There are 2 protein chains.
Amino acid sequence: MPDPHASAFERHDHAGCRHDVLAAVEREARERGLRLTPVRRRTLEILLEEHRAMGAYDVLERLAKDGFGAQPPVAYRALDFLVDHGFAHRIRRLNAFAACMHPDHSHAPVFLICTGCNAVAEAPGEQVREALDATARSLGFAVERSNIEAVGLCPTCAPE
Amino acid sequence: MPDPHASAFERHDHAGCRHDVLAAVEREARERGLRLTPVRRRTLEILLEEHRAMGAYDVLERLAKDGFGAQPPVAYRALDFLVDHGFAHRIRRLNAFAACMHPDHSHAPVFLICTGCNAVAEAPGEQVREALDATARSLGFAVERSNIEAVGLCPTCAPE
DNA sequence: TCCGTTCGTGTTATACTATTACATATCATT
DNA sequence: AATGATATGTAATAGTATAACACGAACGGA
C-alpha cells in the first residue's frame with residue numbers, strides 16, 4: 001500500500017492510491033448511509049484518475065462522454081455531494097475540485113498550489129487549523145468550515 | 001481615533017475608520033510611488049463606505065453612477081490594483097472584495113465570514129500564517145501568497 | 001402492497017464572475 | 001515637445017454557477 005502520508009509533490013503509485021481511496025470512500029458511504037450513486041461514484045473516479053484539481057466543466061465533459069447528463073448541474077451536484085461529505089475538496093483559488101486523499105478521517109487540509117507546475121498538494125492542516133480556531137475564538141467567532149490555500153513553489157520548481 | 005484593533009464584529013465609528021484608512025492609503029501610495037488615480041481612489045472609497053465584502057459588479061455599478069466606465073474591466077482593474085498593493089482583499093469564498101482595514105503594515109489576514117449576518121471580519125493572521133509556513137516548509141514548499149477564510153458564526157449570531 | 005414522501009437525475013434557461021483585445025488618453029521623463 | 005510606459009474606455013467573449021421544473025427511483029409507513 002502506498003504511503004498515505006506521502007506529499008502529493010512526491011512520486012507515488014497513482015493506481016494504488018486511486019484504488020485505496022475509492023475503497024475507503026465506498027466503506028465510509030456505506031457506514032454513514034450515504035448513496036454513492038453512479039454519477040457520484042464516476043465523478044470521484046474521474047477526480048482520482050486525473051489526480052489534479054479539475055474545473056467543474058472538465059469533469060462534466062468526461063461525465064457526458066460516459067453517458068451521463070451533459071448539463072452543468074449534473075457535475076455540480078455530484079461535486080457538491082463529494083465536497084459536502086469530505087470525499088473531495090473545493091479549491092477556490094482555482095475554481096476547481098480535487099479528490100480527497102484521506103476520506104476516512106475528518107480533516108481540514110491545507111492546499112499548496114505550485115505556480116511552476118500547477119500541482120496541488122493536500123497538506124495536513126491540523127496545526128494551521130488549530131491556530132485558526134484560536135484566532136477566531138479570541139474574537140468570539142465559531143468556525144464551521146474553512147479553506148486554507150497557499151500559492152508558491154514546490155520543491156521541484158523552486159530555484160536552487 | 002477608532003481602535004484599529006477592534007474586531008469588525010464590534011460596533012465602531014465607520015466614518016472615522018473610513019477616513020483614517022483612506023488617509024493611510026494615500027500616504028502609503030505616495031511613499032511607494034503608486035498612482036492612486038480617481039477610479040482607484042473612488043473604488044476604495046466605495047469599499048470603505050459599504051464596509052462589507054462587495055462583488056466586482058456591485059462596485060462597477062457604483063463607479064458607473066459616478067461617471068466612470070461601465071464595463072467590467074474598469075472595476076476589475078481598480079480592484080486588482082488595490083488588492084495587489086494590499087489596500088484591499090479578495091475573499092474568494094464570496095467572489096468579493098473588501099477594503100483592507102490596516103493598509104499601513106503588511107499582513108496576511110484571516111477572514112471570518114458570518115453565515116448569520118454576512119459580516120466579514122479581517123482577523124490578525126500572524127499565528128495562522130506562521131503555522132501555514134511551517135507546514136509548507138516541512139514539505140519543501142515556499143509560500144508566496146495565501147488565502148485563509150473561515151465561515152461560521154460571529155458572537156452576535158451565535159446561539160447562547 | 002400501496003401510497004405518499006423524499007431524494008436523485010436530466011434538461012432548459014439564465015445569472016453571475018472574469019478576461020482578452022484593442023483603441024485612446026494620460027503621465028513621467030527626457 | 002517627443003517618447004515610452006502606464007492607465008482608461010469599450011466591445012466582445014470566456015468561464016463559473018444556480019434556479020426552476022419534470023420525471024423517476026428509493027424509502028418508509030399504513
Side-chain angles (χ1 to χ4, degrees), chain A residues 25 29-30 32-47 52-85 87-98 118 147 149 151, chain B residues 25 29-47 52-85 87-98 113 118 147 149 151:
Chain A
V25 167
R30 211 175 320 117
R32 295 199 244 148
L34 302 173
R35 293 168 59 186
L36 191 62
T37 61
V39 215
R40 291 169 175 175
R41 191 194 149 101
R42 186 70 198 116
T43 300
L44 178 59
E45 284 175 1
I46 289 167
L47 290 179
R52 63 180 176 90
M54 297 181 76
Y57 282 74
D58 295 334
V59 173
L60 177 59
E61 199 175 319
R62 301 223 13 202
L63 285 174
K65 276 186 194 160
D66 292 346
F68 295 100
Q71 306 307 321
V74 172
Y76 279 103
R77 282 193 290 233
L79 290 165
D80 286 346
F81 168 86
L82 296 173
V83 170
D84 283 348
H85 296 96
F87 302 146
H89 298 290
R90 185 168 198 153
I91 295 145
R92 309 208 84 106
R93 192 133 197 154
L94 304 175
N95 291 322
F97 301 82
N118 292 315
N147 57 294
E149 303 167 3
V151 297
Chain B
V25 168
R30 209 175 321 118
E31 282 174 8
R32 300 186 352 218
L34 302 172
R35 291 167 61 185
L36 191 62
T37 62
V39 216
R40 292 169 175 175
R41 191 195 148 100
R42 185 70 197 117
T43 300
L44 178 59
E45 284 175 0
I46 290 167
L47 291 179
R52 62 180 178 92
M54 298 181 76
Y57 282 73
D58 295 333
V59 172
L60 177 59
E61 199 174 319
R62 301 219 19 199
L63 286 174
K65 276 186 194 161
D66 293 346
F68 295 101
Q71 307 306 320
V74 171
Y76 279 101
R77 283 192 290 231
L79 289 165
D80 286 347
F81 169 86
L82 295 173
V83 170
D84 284 348
H85 296 95
F87 302 146
H89 297 292
R90 184 167 199 154
I91 295 146
R92 310 207 84 107
R93 192 132 197 155
L94 304 176
N95 290 323
F97 300 82
I113 305 165
N118 292 314
N147 57 293
E149 303 166 4
V151 298

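Remember, it's a predicted structure, so these values are computed and weren't measured experimentally. Side chains included, hydrogens not; waters and symmetry mates left out as well; all remaining heavy atoms used.
The overall bend of the helix from dT1(C)-dA30(D) to dT30(C)-dA1(D), read as the angle between its terminal helix axes built from five base pairs each, is 40° when rounded to 10 degrees.
Judged purely by atom type and a 3.5 angstrom limit, Glu149(A) has no side-chain atom pairing as donor or acceptor with the backbone of Ile91(A).
Look at CZ on Arg42(A): it is 19 Å from C1' on dG10(C), rounded to the nearest Å. Rounding to whole angstrom units, CZ of residue Phe97(B) and P of dT17(C) are separated by 10 Å. Between Phe68(A) atom CZ and dG8(C) atom P there is a gap of 15 Å when expressed in whole angstrom units.
Residue Arg90(B) is in sugar-phosphate contact alone, with no base atom involved, counting any heavy-atom pair closer than 4.0 Å across all strands shown.
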Between the protein and nucleotides 27-30 of chain C, are there any N/O to N/O pairs under 3.5 Å, and if so, what are the atom names and distances?
from, atom 1, to, atom 2, distance (Å)
dC27(C), O4', Arg35(B), NH2, 3.4

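If you check residues 72-80 of chain B against DNA chain D, the residues with a heavy atom closer than 4.0 Å are Pro73(B), Val74(B), Arg77(B), listed by number. Within residues 56-66 of chain A, the residues approached by DNA chain D to less than 4.0 Å at the level of any non-hydrogen atom are Tyr57(A), in residue-number order.
Scanning for side chain to side chain contact (heavy atoms under 4.5 Å, CB included) contacts around Asn95(B) gives an empty result, with sequence neighbours left out. Remark: Phe81(B) engages His85(B) in a ring pair (Phe, Tyr, Trp, His ring centres under 6.0 Å) (not counting sequence neighbours). Residues that satisfy the side chain to side chain contact (heavy atoms under 4.5 Å, CB included) test with Ala96(B), not counting sequence neighbours, are Ala53(B), Leu94(B). Judged as a side chain to side chain contact (heavy atoms under 4.5 Å, CB included), and not counting sequence neighbours, the contacts of Ala88(B) are Leu47(B), Leu82(B), Val83(B).
Among pairs with a residue in residues 69-78 of chain A, none fulfils salt bridge (charged side-chain N to carboxylate O under 4.0 Å, His left out), at least two apart in sequence or across chains.
Residues Asn118(A) and Arg52(A) fail the side-chain proximity criterion, which asks for heavy atoms closer than 4.5 Å.
Running 5' to 3' along DNA chain D, contacts with non-hydrogen atoms of chain A at under 4.0 Å begin and end at dT16(D) to dA26(D).
Atom-to-atom distance recorded for Phe97(B):CZ and Met54(B):CE is 11.5 Å, nearest 0.5 angstrom. For the atom pair Arg30(B) CZ and Arg35(B) CZ, the distance stands at 16.0 Å (nearest 0.5 Å). Interatomic distance, CZ of Arg93(B) versus CZ of Arg93(A), reported as 15.0 Å (0.5 Å rounding). In this structure, Arg40(A) CZ and Leu79(A) CG are separated by 11.5 Å, a value rounded to the nearest 0.5 Å.
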Show which side-chain atoms of residues 58-70 of chain B pair as donor or acceptor with protein atoms under 3.5 Å away, not counting sequence neighbours.
from, atom 1, to, atom 2, distance (Å)
Asp58(B), OD2, Gly55(B), N, 3.4
Arg62(B), NH1, Glu50(B), OE2, 2.7
Arg62(B), NH2, Glu49(B), OE1, 2.8
Asp66(B), OD2, Arg42(B), NE, 2.6
Asp66(B), OD2, Arg42(B), NH2, 3.4

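Nearest heavy-atom pair across Tyr76(A) and Ala56(A) is CZ-CB, 3.4 Å. The shortest non-hydrogen separation linking Pro72(B) to Tyr57(B) is CG-OH, 3.3 Å.
Residue order along DNA chain D, read from the 5' end via each residue's closest nucleotide, puts Phe81(B) first among Gln71(A) and Phe81(B).
Side-chain contact annotation: Arg92(A) with Asn147(B), donor-acceptor N/O pair under 3.5 Å absent.
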